[in-house]
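Only a predicted model underlies this, so the values are computations on that prediction, with no experimental measurement involved.
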Amino acid sequence: MREKRRSGFTLVEILVVVVILGLLATLVVPRVVGRGEEAKRTAALVQIRSIEQALELYKLDNGFYPSTEQGLEALVTRPSGTPEPQNYRDGGYMKKIPLDPWGRPYIYRCPGEHGETDILSLGPDGEEGGEGKNRDITNWEE
């Protein structure tokens with residue numbers, strides 16, 4: 001006689017899988033939730049470091065940083081005005097200036113209040129200053 005083969009899952013097997021998935025979710029979700037803002041802060045810091053490196057190359061070629069008025073766009077296209085760069089690199093120093101992870105432009109000041117140049121992102125609240133998760137991301141603090 002032939003044996004009949006069963007196919008599919010029993011209700012008990014499905015319940016066991018659902019319970020296991022539930023347990024995994026309770027362990028993993030709390031660790032992942034809230035990491036989005038931390039990741040954005042890290043991305044902003046990496047972008048600021050990249051901008052700083054381009055500014056250093058600009059200074060090596062020209063002997064000075066672009067002025068606040070010339071702004072970070074001086075790293076993309078040859079700036080006009082004073083000080084005029086005499087040894088500006090063909091193609092510029094960056095392909096484009098990124099927006100911060102919250103979609104806003106970085107603030108650049110030269111001379112800066114905290115060093116030769118200040119670069120900052122206003123963070124998630126979009127306002128200068130702030131504490132905790134709303135604090136600014138800058139090139140002078142870690």
(request) Kindly write out the residues that satisfy side-chain contact (heavy atoms from CB on, under 4.5 Å) with Glu131, not counting sequence neighbours, or none if the list is empty. (result) none

(message) For a quick test of reading the model, state the closest non-hydrogen atom pair linking Tyr108 to Ser67 and the distance between them.
(response) CE2-O, 3.5 Å

(message) A side-chain contact here means heavy atoms from C-beta on lying under 4.5 Å apart; do Tyr93 and Asp61 qualify?
(response) yes

(message) I need the Gln47 CD to Leu45 CG distance, nearest 0.5 Å.
(response) 10.0 Å

(request) Give, for atom CG of Asn62 and atom CG of Leu57, the distance between the pair rounded to the nearest 0.5 Å. (result) 10.5 Å

(request) Give, for atom CG of Leu75 and atom CD1 of Ile97, the distance between the pair rounded to the nearest 0.5 Å. (result) 4.5 Å

(request) State, yes or no, whether a side-chain contact exists between Leu120 and Glu128 at a heavy-atom distance under 4.5 Å. (result) yes

(request) Identify whether the distance between the nearest side-chain nitrogen and carboxylate oxygen of Lys59 and Glu56 falls below 4.0 Å. (result) no

(message) With clusters defined by side-chain heavy atoms of hydrophobic residues (ILVMFWY) lying less than 4.5 Å apart, directly or transitively, does Val19 cluster with Leu11?
(response) no

(message) If you apply the rule side-chain contact (heavy atoms from CB on, under 4.5 Å), what do you find for Glu37 with Trp102, and how did you get there?
(response) CA-CA 10 Å; Glu37 285 303 312; Trp102 297 274; 3.3 Å; yes

(message) Check whether Gln70 reaches the backbone of Ser80 with its side chain - one donor and one acceptor, N or O, closer than 3.5 Å.
(response) yes

(request) Inspect the contact between Arg135 and Glu141 and indicate whether a charged nitrogen and a carboxylate oxygen are less than 4.0 angstrom apart. (result) no

(request) Take the angle between the ring planes of Tyr88 and Tyr58 and call it parallel below 30°, perpendicular above 60°, tilted in between. (result) perpendicular

(message) Can you tell me how far apart OH (Tyr106) and CD1 (Ile48) are? Round to the nearest 0.5 Å.
(response) 5.5 Å

(message) Quick one: does any side-chain atom of Asp136 pair with a main-chain N or O of Thr138 as donor and acceptor, under 3.5 Å?
(response) no

(message) Checking Ser50 now: which residues fulfil side-chain contact (heavy atoms from CB on, under 4.5 Å) with it, not counting sequence neighbours?
(response) Met94

(message) Contact between Ile119 and Leu55 at the side-chain level, heavy atoms closer than 4.5 Å - yes or no?
(response) yes

(message) Has Asp118 got a side-chain atom pairing as donor or acceptor with His114's backbone, closer than 3.5 angstrom?
(response) yes

(message) I want to check something: taking the side chain as every heavy atom from C-beta on, are Pro79 and Pro85 in contact at a cut-off of under 4.5 Å?
(response) yes

(request) Taking all heavy atoms of Thr117 and all of Asn139, pick out the closest pair and write down the distance. (result) O-ND2, 3.1 Å

(request) First locate atom CD1 of Ile107, then atom CG of Asp100, and finally report the distance between them rounded to the nearest 0.5 Å. (result) 9.0 Å

(message) Just verifying a value: how many Å separate Phe64 CZ and Gln86 CD, rounded to the nearest 0.5 Å?
(response) 7.0 Å

(message) Please find the pair of heavy atoms, one from Ala44 and one from Ile137, that lie closest to each other, and give the distance.
(response) CB-CG2, 4.1 Å

(request) Work out which heavy atom in Ala43 is nearest to a heavy atom in Pro101; give both atom names and the distance. (result) CB-CG, 3.9 Å

(request) Please examine the side chains of Arg41 and Ser121, heavy atoms only from C-beta on, and report whether any two atoms are closer than 4.5 Å. (result) no

